[in-house]
Each structure stands twice: as structure tokens, then as C-alpha cells.
Amino acid sequence: MKRLSKIFAVALVITLLLASFTGCSDKTPTTSSDSALTMWAVLNANSASTISSYSDMMLFQELEKRTGVKVEFLHPIAGSTGNEAFMTMLSSSDRPDIMEYTWINYTGGAQQAIDDEVIIALNDYLKDYAPNYYDYMEGEKGKANDYRYKLGCTTEEGNYYAFNGLNIGTTRCFCGIYVRGDKLDEWGMEIPETIDEWTAVFAKAKADGFDKPFTAIPNAVSFKVENNIFNTAYDVGKNFYLEDGKVVFAPFQAGYKDYVAQMAEWTKQGYIDTGFVTNDKATVKGNIVNGISVAAFGWISEVGEITTAVQEKNPNFRLVACPFPTATKGELPRFQDVSGEIHLKGMAISAQCADVESAIKWCDYIYGEEGSALRTFGIEGETYTVEEIDGEKHYVYTDKILKPETSGATSITEALYKHMLPSNSPGLNQHPDYLNGYYTIEAQKVAVDVWNKGVEKARPHMFSGVNYTEDELTEKTDILEIAEDELEVAITDIILGRKSIDAYDDAIEAAKANGYDRVIEINQAAYDRYMAKLDN
């Protein structure tokens with residue numbers, strides 16, 4: 001408890017005067033009645049445009065009817081960060097019954113939250129009170145997934161700490177490189193797959209008046225984030241990843257230097273938008289819409305947004321998803337973007353919960369067939385219908401979602417998140433019917449297919465979901481606070497032409513001297529403990 005008290009002291013000084021909660025004025029949240037449980041959660045940004053509280057959401061209103069459990073929601077005020085508000089909430093002596101948070105971010109990890117008596121371990125409750133969730137952890141559904149869910153949802157001591165989001169589908173990639181398909185047709189060129197083919201496309205685009213042929217946000221180029229672009233053609237991933245069970249760091253691999261050299265050469269030729277250092281998504285979309293760039297890194301949702309916006313004026317406009325680049329045309333790379341088995345944000349039961357069994361039953365409902373349909377699709381006849389397609393049952397959204405203006409929303413996304421939480425939250429994520437309903441434009445459906453072809457080949461290289469000890473986390477954070485930014489600046493300087501590729505090796509040696517080798521050791525130790533849980 002000593003460590004927790006120190007954290008609370010800091011949190012109180014920094015944030016107590018800044019944060020409050022909706023529906024609670026400036027007071028600490030409390031249970032307002034003996035019959036209601038309370039839950040703390042950050043209101044989803046997509047939901048916040050149409051509702052002010054989850055209490056107003058169809059999902060939770062119907063969930064109360066079906067479970068008989070009433071839950072009152074407490075949200076940070078608009079504009080406050082989740083972490084600040086979370087720490088302020090924890091500093092109270094009277095905490096909510098259920099708390100939604102990314103518990104791996106708790107100082108010392110989820111196990112420390114249990115040890116600090118902030119939340120409880122769920123091991124003794126799941127089999128009897130959460131049979132749906134238990135099935136994905138320890139039952140047949142868990143076994144069918146090689147118990148990967150269990151790995152991500154337990155602490156190193158084997159304690160279940162929360163109800164996390166579980167990815168149940170095979171669609172695990174939602175971003176990649178896309179290009180103007182109408183321009184490729186005009187130029188008589190195929191969708192590029194190799195570096196040589198991309199060079200040819202960029203050269204043609206530049207000659208045809210595209211000022212910045214390729215545009216992207218910082219994540220796409222940076223080694224710090226696992227968004228992959230042209231690095232995959234050099235058989236190298238991003239940041240930390242796995243090679244035969246060993247943690248490696250991308251910039252330390254020979255292929256990464258080759259990738260940086262290629263990016264620098266393209267920048268020299270005027271093919272790369274040098275604004276990648278500061279670009280946001282709106283800038284990238286604007287570059288495509290306004291004919292500044294012919295290709296970009298982005299998400300499936302952006303493909304739809306841009307296509308809808310431009311085709312009204314230019315019916316011939318067409319975006320196409322490109323395969324992750326490879327050295328040999330037609331092959332699948334070993335690396336690409338892949339979502340993990342779980343979403344780390346989870347609903348945990350407070351150590352002060354007034355009714356643990358009811359809270360657990362309520363959380364568990366959305367992991368069953370009926371509850372999953374409610375969370376993802378809403379209420380039958382209102383927001384979805386059930387249709388038989390090719391002999392199989394499918395959920396199909398109604399116009400209340402597909403024509404968002406009927407729900408007082410401006411987009412399908414807003415309409416969905418006004419009524420439910422279909423993805424990226426606790427529950428079962430990436431249901432195929434959800435994706436088919438969410439991505440309504442043909443270019444988006446093609447992107448789903450193209451960007452997911454290599455998922456299974458890339459999955460063994462994923463490094464995510466591990467827990468660190470408090471000492472490891474402190475040491476790792478202290479090292480990266482200096483080493484990470486220094487290496488990022490050095491590599492960026494090479495790509496932008498401020499330094500030659502000859503400076504790359506010196507940058508790597510400096511990164512090692514700053515402690516990156518030690519970070520690899522820490523990551524390896526955490527990963528080994530992570531995998532050891534399979535033996536328990």
C-alpha cells in the first residue's frame with residue numbers, strides 16, 4: 001500500500017482541483033442508492049457527440065432490463081484526460097463498484113492493483129458467476145484459441161483482473177497503404193507491391209503534378225509504433241517484435257537501415273511528404289482529396305470517408321488498398337499491422353464493490369450470444385434484423401444505423417456508438433457482420449481482404465500484452481525517456497536528408513549506450529513470464 005499512497009499523493013496535488021465527474025458536481029463519486037452499482041468509465045469519444053452518459057445508451061438501458069442489475073455511470077468531465085481523472089477517482093476512500101481502465105498502465109501492472117486492494121482477483125468467481133467469459137479463458141472457446149485470451153487477461157501470478165475486450169474474428173488489420181486506383185488505370189500501372197514498383201508509381205505521380213506522392217502521419221514512419229509501411233519489403237518490423245521467441249528491436253536489424261536509406265532516397269526525389277513529422281489524419285486526407293498526394297498510409301474508415309467526399313464531384317475517383325510491400329512480387333511479408341488477442345481496457349471489480357456477484361454477472365452478460373448481439377448490434381427489430389444468407393444466420397443493421405440522420409447522427413460511426421459499443425471495448429470485438437455493416441463502401445470491403453491476407457503469417461512476431469514488475473517498468477521508462485527520442489530524431493534526420501545514411505550506425509551505437517540493450521532484456525524477461533503462464 002505504500003507505493004499506492006505515494007501515487008495518490010502526487011495525483012491529488014496535480015489533479016484533484018482539476019477533475020470532477022458528470023452528475024456528481026465536484027464531489028467524489030459514491031453509490032447513490034443501495035440498489036444501484038456504480039461504474040467509472042471514460043465516455044467513448046464517438047458516443048460523446050450524441051449522448052452525455054452511458055446511462056442514455058440503448059445498450060446499458062437494455063442490459064439493466066435483462067440482468068436486473070442497475071448500474072449508474074460516472075464519467076470524467078469533458079476535456080480531462082482519462083489518466084488524470086482515473087487517479088483522482090482512485091484517491092477517494094469511496095470508489096465505484098466497477099472501474100473500466102487499461103490496467104496494464106497501472107503502476108506495477110494489474111497485479112499491483114490487486115495487491116493494493118484497488119480491485120479484486122476474479123479467479124474464484126468466473127466459473128460460477130461469469131460462465132461466458134470463463135469459456136473464453138479456460139473452456140472450449142479458450143482451448144480453440146490456444147488459450148491466448150488467458151495469456152492476455154491474467155497477471156503473471158495467474159490472476160484474472162478484469163473483463164477485457166476479446167478479438168474473436170480473423171480480421172485483425174484495419175490500416176495500410178492505399179493509392180489512387182483511378183490514376184493507376186490512367187497511367188496503365190498495376191497496384192504496386194515491391195519497392196521498384198512503388199518507385200515507378202511515385203516517379204509517374206511526381207511528373208503528373210502530385211507534389212507529395214506519398215503522405216502519412218508520424219506513426220507510419222516512426223519506429224516507435226507498430227504501423228508498417230515500406231519496411232515490410234526489407235523483412236523487418238517496427239519497434240520490438242519476436243523472432244523465434246526472442247525479443248528483437250527493429251532499428252538494430254540490418255533491414256531497417258535499408259528501409260531508412262530507401263525512405264531518404266525517396267525524400268531526396270521529392271516523393272515523400274516531409275510533413276509526416278507533424279501530420280494529423282485530417283492533413284493526410286486533405287492531401288489525397290486535393291490531389292497533392294497519390295498514396296497514403298491510413299485506415300479503412302478513411303478510405304470510405306475520402307471516397308464519399310470526392311466521388312460527388314469526381315465519379316471516377318477510386319482508392320484501392322495495396323498489399324504490404326515485399327521484396328518479391330506475389331509473396332506475403334512476415335510483418336504487417338495485427339491487432340492482438342485482447343483490448344487491454346477492461347472492467348475490473350472494485351475491492352470496495354457493494355455486490356461482487358451481481359457486478360460480475362452484469363459484466364459477463366455481453367460475452368454470451370445474446371449479450372454479444374446486444375452490445376454489437378443493439379435490439380432486434382430496432383437497430384438490426386436477422387437474415388439467412390447462404391444458409392447462415394447474419395445480423396444486418398437497420399436504417400437507424402445505416403441512415404444515421406434518422407438517429408440524429410452525422411455518420412454510421414456516430415449512430416453505432418450512440419446506441420451501443422460495438423468495438424474496441426470490453427466484450428467480443430470484430431464480429432464479421434459488424435465489419436460488413438460498418439464498412440459499406442466496396443473499396444473498404446476490398447481493403448479488409450487485402451490488408452488481412454498476411455495476418456496469420458505476421459501473428460507469431462507480435463510482442464504485446466506483457467506485464468512488467470514495478471522495478472522493470474521504472475527502469476524501462478527511465479531509459480526510453482532519453483534513448484527513444486534521441487534515436488527517433490537521428491533516424492528522422494536521415495530520412496529528411498539532414499544527415500546521410502552513414503550516420504545510422506552511430507545512432508544505433510548511441511541507442512545501445514543509452515540502454516536499449518537493457519530494454520530488450522527487460523522485454524524478454526517479461527515475455528518469458530508471459531509465456532510461462534501457459535504451463536500453469
For residues Phe202 and Gln269, determine if any side-chain heavy atom of one lies less than 4.5 Å from a side-chain heavy atom of the other. no
Angle between ring planes, Tyr397 versus Phe377, binned at 30° and 60°: parallel, tilted or perpendicular? tilted
Return the orientation label for the Tyr136 and Tyr149 ring planes: parallel under 30°, perpendicular over 60°, tilted otherwise. perpendicular
Looking at Arg148 and Asp146, is any side-chain nitrogen of the basic one under 4.0 Å from a carboxylate oxygen of the acidic one? yes
Does this structure show an ion pair linking Lys445 with Glu442, if we count only N-O contacts that are shorter than 4.0 Å? no
Gln336 side chain to Thr232 side chain, donor-acceptor N/O pair below 3.5 angstrom: no
Evaluate the ring planes of Phe223 and Phe249, with Trp represented by its six-membered ring, and classify them as parallel (under 30°), tilted (30 to 60°) or perpendicular (over 60°). perpendicular
Holding to side-chain hydrogen bond (donor to acceptor under 3.5 Å, both in side chains), I want the full list of residues that pass it with Asn227, two or more places apart in sequence or in another chain. Asp337
Just say parallel, tilted or perpendicular for the rings of Tyr234 and Tyr259, cut-offs at 30° and 60°. tilted
How are the rings of Tyr367 and Tyr133 set to each other: parallel, tilted or perpendicular (split at 30° and 60°)? perpendicular
Run the side-chain hydrogen bond (donor to acceptor under 3.5 Å, both in side chains) test against Tyr101 and tell me which residues pass, sequence neighbours left out. Asn83
Could you check whether Glu190 pairs with Lys329 (Lys NZ or Arg NE/NH1/NH2 to Asp/Glu carboxylate O, under 4.0 Å)? yes
Assess the residue pair Tyr417 and Thr50 against the criterion (side chain to side chain donor-acceptor pair (under 3.5 Å)); give the C-alpha distance rounded to whole Å, side-chain angles, the decisive distance to 0.1 Å, and a yes or no. CA-CA 8 Å; Tyr417 284 85; Thr50 55; over 6 Å; no
Can you find a heavy atom in the side chain of Arg375 that is under 4.5 Å from one in the side chain of Asn429? yes
Once you measure the plane-to-plane angle for Trp187 and Phe210, does it fall in the parallel (<30°), tilted (30-60°) or perpendicular (>60°) bin? perpendicular
SB check Glu226 Lys238 (cutoff 4.0 Å): no
Do Trp198 and Phe230 make the cut of ring centroids closer than 6.0 angstrom? yes
Just so I know, are the side chains of Leu151 and Glu341 near enough to count as touching, which here means a heavy-atom distance under 4.5 Å? no
Check Arg518 with Glu472, please: is the shortest side-chain N to carboxylate O separation under 4.0 Å? no
Phe214 ring center within less than 6.0 Å of Tyr271 ring center: no
Before accepting this row, confirm whether a basic side-chain N of the pair Glu302/Lys285 lies closer than 4.0 Å to the acidic partner's carboxylate O. no
Hits for side chain to side chain contact (heavy atoms under 4.5 Å, CB included) against Tyr504, two or more places apart or cross-chain, chain-then-number order -> Pro251, Tyr256, Lys257, Val260, Ile491, Ile494, Ile501, Ile508
Taking Glu380 first and then Lys393, would you say they form a salt bridge - that is, a charged N and a carboxylate O separated by under 4.0 Å? no
Below 4.0 angstrom, N of the basic side chain to O of the carboxylate: do Asp273 and Lys212 qualify? yes
Taking side chain as C-beta onward, heavy atoms only, is Pro426 less than 4.5 Å from Glu100? yes
Assess the side chains of Asn436 and Asp433: does a donor N or O sit below 3.5 Å from an acceptor N or O? no
